[in-house]
2 protein chains.
Amino acid sequence: MIQPASPILAPQRRELIRSLVKDEGIVRVEDLRQNLKVSVATIRRDLEILEENGKLQRIHGGAVTMENRLEEAVFDDKTNQASTEKGRIAEEACKLIGKGDSVYLDGGSTTLGLARLLKDRTDLTLVTNSLRAAAELADSGPKVLLIGGELRRISQTMVGPLTSGVLGQVHVDKAFMGTMGFCLRSGLTTTDPNEAYVKNLVADQAGQVILLADSGKAEKVSFARVSDWDAIDVLVTDGNLPKLFAKSLRKRGLKVLLA
Amino acid sequence: MIQPASPILAPQRRELIRSLVKDEGIVRVEDLRQNLKVSVATIRRDLEILEENGKLQRIHGGAVTMENRLEEAVFDDKTNQASTEKGRIAEEACKLIGKGDSVYLDGGSTTLGLARLLKDRTDLTLVTNSLRAAAELADSGPKVLLIGGELRRISQTMVGPLTSGVLGQVHVDKAFMGTMGFCLRSGLTTTDPNEAYVKNLVADQAGQVILLADSGKAEKVSFARVSDWDAIDVLVTDGNLPKLFAKSLRKRGLKVLLA
DNA sequence: GCGTTTTTGATCGTTTTTGAAAGAAACGCA
DNA sequence: TGCGTTTCTTTCAAAAACGATCAAAAACGC
């Protein structure tokens, strides 16, 4: 049966606009009016609602995706200061994730970069203690499990003994860890003992432990000891790592990947 | 759609609507009226029933599948909607919190309002399954513990059996719970069984269980049963709650506060 | 068959959505 | 900067959809 131009329901129309913005990156009010056969007033109202819901960002004459916001671009640069290196490390790490894997994602900027690469990986199960990683994947992506625990404000991660509650009940194939410093003698260190506690718990039970750290962290030692090198299976870092350092780690049985 | 000469039975019609919504993703009241040859009043009643049974989600002019329901649109509408009432409810609830208390904060818009009022309460320990509540208190406020668990995207809460890991290790003086519907006969109900599971765990071990719900939720029944009224100690709602309702609850031993 | 309960359709007042119009603000260009 | 044009916000009224209520119709049990 052919419908004589059956009108579209309001929520359906808004969903249409939302996906259009997502696909095109930008839409114009006038285009929407012609395509959707409603008045500009209605279009504007729709955009207003969608903006309130955080689905898009209105601009003069139309709307753009949240990602396209200038503001956000600035912000992203900040988090990725050494963004080229950290981004490359994240991309390299991403290649290590197989289909259907269950992975743990530690807190930190490098691992956060990895989280951004997983938005389409609905095949994965992701365990994390990072609120930012969870926020990054809030709308789509893998199944997300958060470990509980005390919120450490500065890093926006969950730490401390309570984390054992959930961590004791799950297993991950691969754990991607961050660190504040790594050193041949002292192993891995971080600033907060509670944070270290979690990293240890994870490392203990993960099938494979993969450390993501830019070369700037090499030979840096922080306050809280996390673990020795034998807890680590793979190190993904950048090409500026001293060759002797890499060689020494490889002799200890680690796989060292330079992004 | 082909019509039998004889009228069809009501349950048969509803099943038809249900499968239509499932297939099409969206249906319009007017279309249903024409195809089913019944009045709009009947269609509306059918949709109402199907919605109560969790089979679909009503929207202005029709209905959509539960999967299609415009995610945050639903949630955010709620945060804005009766915001004055919810704000008052939150303020009233806030008065119940004593110095140094440990409190649990459930997910939902009303409890989120309460979270906003706690930014200066550094004396508290707050346990929550809500990422939004945690985000609200990300910079300052009480000590925050998050329970772990699977991330439920639509509500941005952690749900499911894994939550028992942390919840088993903590005790809270007061638990502030939200709900999708509360009803004298059916008690408390919500949309997701995993969500209900968490609410139950919390209610079981909290010193005092305080339900925050605007009167619009009264006599609404959702899909997943949470608990009976005897699990609740205090109900904080608004003045629009039918007096008989309040009276009946008080008779059952609940404290009913009208904000 | 008859009284009762359930279902249905109609009506009315209310809420939501929509489109139009007028003044304000932003933009492009000289 | 100033000016014309486009776009935006605000406001209002019409239209569509809604919930509540009531009476008629149908289904039901005995």
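Chain A is the first sequence line, chain B the second, and so forth, proteins listed ahead of strands; every chain is numbered from 1. Side-chain atoms are counted along with the backbone in the values below, which use heavy atoms only and exclude waters and symmetry mates.
- Rounded to whole Å, the distance from CG on A:Asp46 to P on C:dT17 is 10 Å.
- Atom CD in A:Glu48 sits about 13 Å away from atom P in C:dT17, given to the nearest Å.
- Note on A:Arg33: nothing from the nucleic acid sits closer than 4.0 angstrom, heavy atoms only.
- Inter-residue side-chain proximity for B:Thr189 and B:Cys183 is flagged as unmet; no heavy-atom pair is nearer than 4.5 Å.
- Counting non-hydrogen atoms under 4.0 angstrom, A:Arg28 reaches nothing in the nucleic acid.
- Between the C1' atom of C:dT17 and the CD atom of B:Glu30 lies a distance of 16 Å, rounded to the nearest Å.
- Summarising the geometry, the separation between NZ on A:Lys37 and C1' on C:dT18 is reported as 17 Å, rounded to the nearest angstrom.
- Put simply, A:Thr42 has a side-chain N or O that comes within less than 4.0 Å of OP1 or OP2 on C:dG19.
- In terms of polar N and O atoms assigned as donor or acceptor, the side chain of A:Arg45 comes within less than 3.5 Å of the base of C:dG19 in a complementary pairing.
- Atom OG of residue B:Ser155 and atom CG of residue B:Asp192 lie 7.5 Å apart, to the nearest 0.5 angstrom.
- For the 3.5 Å distance criterion, the side chains of B:Thr179 and B:Lys217 fail to qualify, holding no donor opposite an acceptor.
- The shortest non-hydrogen separation linking A:Gly107 to A:Ser130 is CA-CB, 3.8 Å.
- A distance of 5.5 Å separates CG in B:Leu235 from CH2 in B:Trp229, rounded to the nearest 0.5 Å.
- Regarding A:Arg14, its CZ atom lies at a distance of 11 Å from the C1' atom of C:dT16, rounded to whole Å.
- Distance check: A:Thr128 OG1 to A:Met158 CE gives 6.5 Å after rounding to the nearest 0.5 Å.
- Along DNA chain C, the nucleotide closest to A:Ser39 and the one closest to B:Ser39 are compared, and the more 5′ of them pairs with B:Ser39.
- Taking the C1' atoms of five terminal pairs at each end of the helix from C:dG1-D:dC30 to C:dA30-D:dT1, the two resulting helix axes are inclined by 50°, rounded to 10°.
- Within the nucleic acid shown, A:Val40 has no heavy atom closer than 4.0 Å to any nucleic acid atom.
- Taking every side-chain heavy atom of A:Arg58 into account, D:dT9 is the closest of D:dT9, C:dT18, C:dA10.
- Atom pair B:Gln12:CD and D:dA27:C1' shows a separation of 15 Å (rounding to whole Å applied).
- What separates CD1 of A:Ile59 from P of C:dG28 is a distance of 11 Å, to the nearest Å.
- To the nearest 0.5 Å, the span separating CG on A:Asp31 from CG on A:Leu20 amounts to 9.5 Å.
- We find that CD1 of B:Ile49 is positioned 12 Å from P of C:dT6, with the value rounded to whole Å.
- When distances run from any side-chain atom of B:Ala41 to the nucleotides C:dA10, C:dG19, D:dG19, the shortest one goes to C:dA10.
- Residues B:Gly61 and A:Val29 both approach DNA chain D. Their nearest nucleotides, taken by heavy-atom distance, put A:Val29 toward the 5′ side.
- No contact: A:Leu9 has no heavy atom under 4.0 Å from any strand.
- Among the protein residues, A:Val38 comes within range of the sugar-phosphate backbone only, with heavy atoms under 4.0 Å from sugar or phosphate atoms but none that close to a base.
- No hydrogens or angles considered: a donor-acceptor pair under 3.5 Å links the side chains of B:Ser215 and B:Asp238.
- Listed nucleotides C:dT17, C:dC27, C:dG19 differ in distance to A:His60; the shortest reach to its side chain belongs to C:dC27.
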